[in-house]
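Below you'll find the structure, written out as structure tokens, and then a few comments.
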Amino acid sequence: MSSVLVLNGPNLNLLGTRQPEVYGSVTLADVEGMCIAHGNSLGLKVNCLQSNHEGVMIDAIHNAKGTHQGIVLNAGAYTHTSVALMDAIASVELPVVEVHLSNIHAREAFRHKSYIAPVALGQIAGFGSQGYVLALDALAAQFAT
Ligand code: DHK
């Protein structure tokens with residue numbers, strides 16, 4: 001059975017109460033539960049991690065090599081700043097699907113730039129928590145090829 005890491009970055013622990021008009025009213029626990037259940041339906045084992053710390057996220061990406069076959073990543077604001085996360089993804093050579101709850105391209109200009117996008121399989125943005133489900137579908141399809 002393939003394993004997928006669902007990795008959420010800074011401030012996503014506050015989902016549900018944080019700017020619900022932007023990020024929706026579902027909590028991180030809801031998102032993670034949805035990912036585990038949808039993963040099950042696809043025959044994927046889903047492990048979830050959230051951290052507010054860039055180094056912890058980098059360690060999690062390194063540790064995913066050999067233990068997971070793909071990553072669903074919402075790097076939060078590190079998306080727009082972190083060369084280190086980009087390098088970590090490039091180093092482990094695992095398929096990564098970049099997810100954003102909001103449509104980052106319809107927001108402030110500084111959110112249009114993603115350091116994750118060049119090293120990701122693809123990007124899903126603007127579909128709220130459904131984006132995580134779509135990302136798991138994309139990885140499952142990738143594993144089947
Ligand atoms: C989440 C964040 O925390 C922001 O910093 C990003 C992303 C967008 C999201 O839409 O999920 O800019």
Side-chain angles (χ1 to χ4, degrees), residues 2-42 44-65 67-143:
S2 295
S3 295
V4 171
L5 175 65
V6 174
L7 179 59
N8 281 290
N11 301 306
L12 292 164
N13 54 309
L14 300 179
L15 276 183
T17 56
R18 170 197 186 202
Q19 296 177 273
E21 69 286 1
V22 177
Y23 297 108
S25 54
V26 297
T27 66
L28 180 63
D30 293 333
V31 168
E32 292 181 344
M34 194 187 305
C35 286
I36 291 165
H38 192 65
N40 273 340
S41 76
L42 294 170
L44 302 175
K45 168 97 176 75
V46 171
N47 295 306
C48 299
L49 180 71
Q50 186 276 332
S51 178
N52 294 320
H53 303 279
E54 191 174 16
V56 172
M57 295 180 69
I58 291 166
D59 287 344
I61 291 166
H62 291 175
N63 292 336
K65 191 177 173 75
T67 60
H68 295 79
Q69 285 66 52
I71 302 175
V72 173
L73 174 63
N74 184 345
Y78 289 141
T79 302
H80 318 298
T81 62
S82 183
V83 176
L85 276 176
M86 176 177 73
D87 285 351
I89 293 165
S91 303
V92 298
E93 294 176 334
L94 285 172
V96 172
V97 180
E98 177 183 1
V99 171
H100 301 286
L101 294 140
S102 64
N103 180 357
I104 56 173
H105 303 288
R107 299 181 63 194
E108 303 97 319
F110 66 83
R111 294 186 204 273
H112 299 176
K113 164 78 182 173
S114 168
Y115 282 95
I116 309 302
V119 289
L121 198 58
Q123 183 190 73
I124 298 167
F127 296 101
S129 57
Q130 185 68 18
Y132 291 83
V133 168
L134 298 171
L136 288 169
D137 285 341
L139 281 178
Q142 184 72 14
F143 297 153

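First listed ligand is number 1; within each ligand, the first listed atom is number 1. The first residue of the sequence shown is numbered 1, and numbering continues consecutively from there.
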Just list the N/O pairs, ligand 1 to protein, that are under 3.5 Å apart, with the distance for each.
residue: ligand 1; atom: 3 (O); partner: R18; partner atom: NH1; Å: 3.0
residue: ligand 1; atom: 3 (O); partner: R18; partner atom: NH2; Å: 3.0
residue: ligand 1; atom: 5 (O); partner: A77; partner atom: N; Å: 3.1
residue: ligand 1; atom: 5 (O); partner: R111; partner atom: NH1; Å: 3.2
residue: ligand 1; atom: 10 (O); partner: L101; partner atom: N; Å: 3.2
residue: ligand 1; atom: 10 (O); partner: S102; partner atom: N; Å: 2.8
residue: ligand 1; atom: 10 (O); partner: S102; partner atom: OG; Å: 2.6
residue: ligand 1; atom: 11 (O); partner: N74; partner atom: ND2; Å: 2.9
residue: ligand 1; atom: 11 (O); partner: L101; partner atom: N; Å: 2.8
residue: ligand 1; atom: 12 (O); partner: H80; partner atom: NE2; Å: 2.7
residue: ligand 1; atom: 12 (O); partner: R111; partner atom: NH1; Å: 2.8

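- The salt bridge (charged side-chain N to carboxylate O under 4.0 Å, His left out) contacts involving residues 79-99 comprise nothing, where partners must be two or more places apart or lie in separate chains.
- Residues N63 and H68 bring no donor and acceptor atom of their side chains to less than 3.5 Å of each other.
- Stacking of K113 on the aromatic ring of Y115 is recorded, both the 6.0 Å distance cut-off and the 45° axial limit being met.
- Between H80 and E108, the side chains place no donor N or O within less than 3.5 Å of an acceptor N or O (distance only, hydrogens not considered).
- Between the side chain of T67 and the backbone N or O of A64, at least one donor-acceptor pair lies under 3.5 Å.
- A side-chain donor from one of Q50 and N52 sits under 3.5 Å from a side-chain acceptor of the other.
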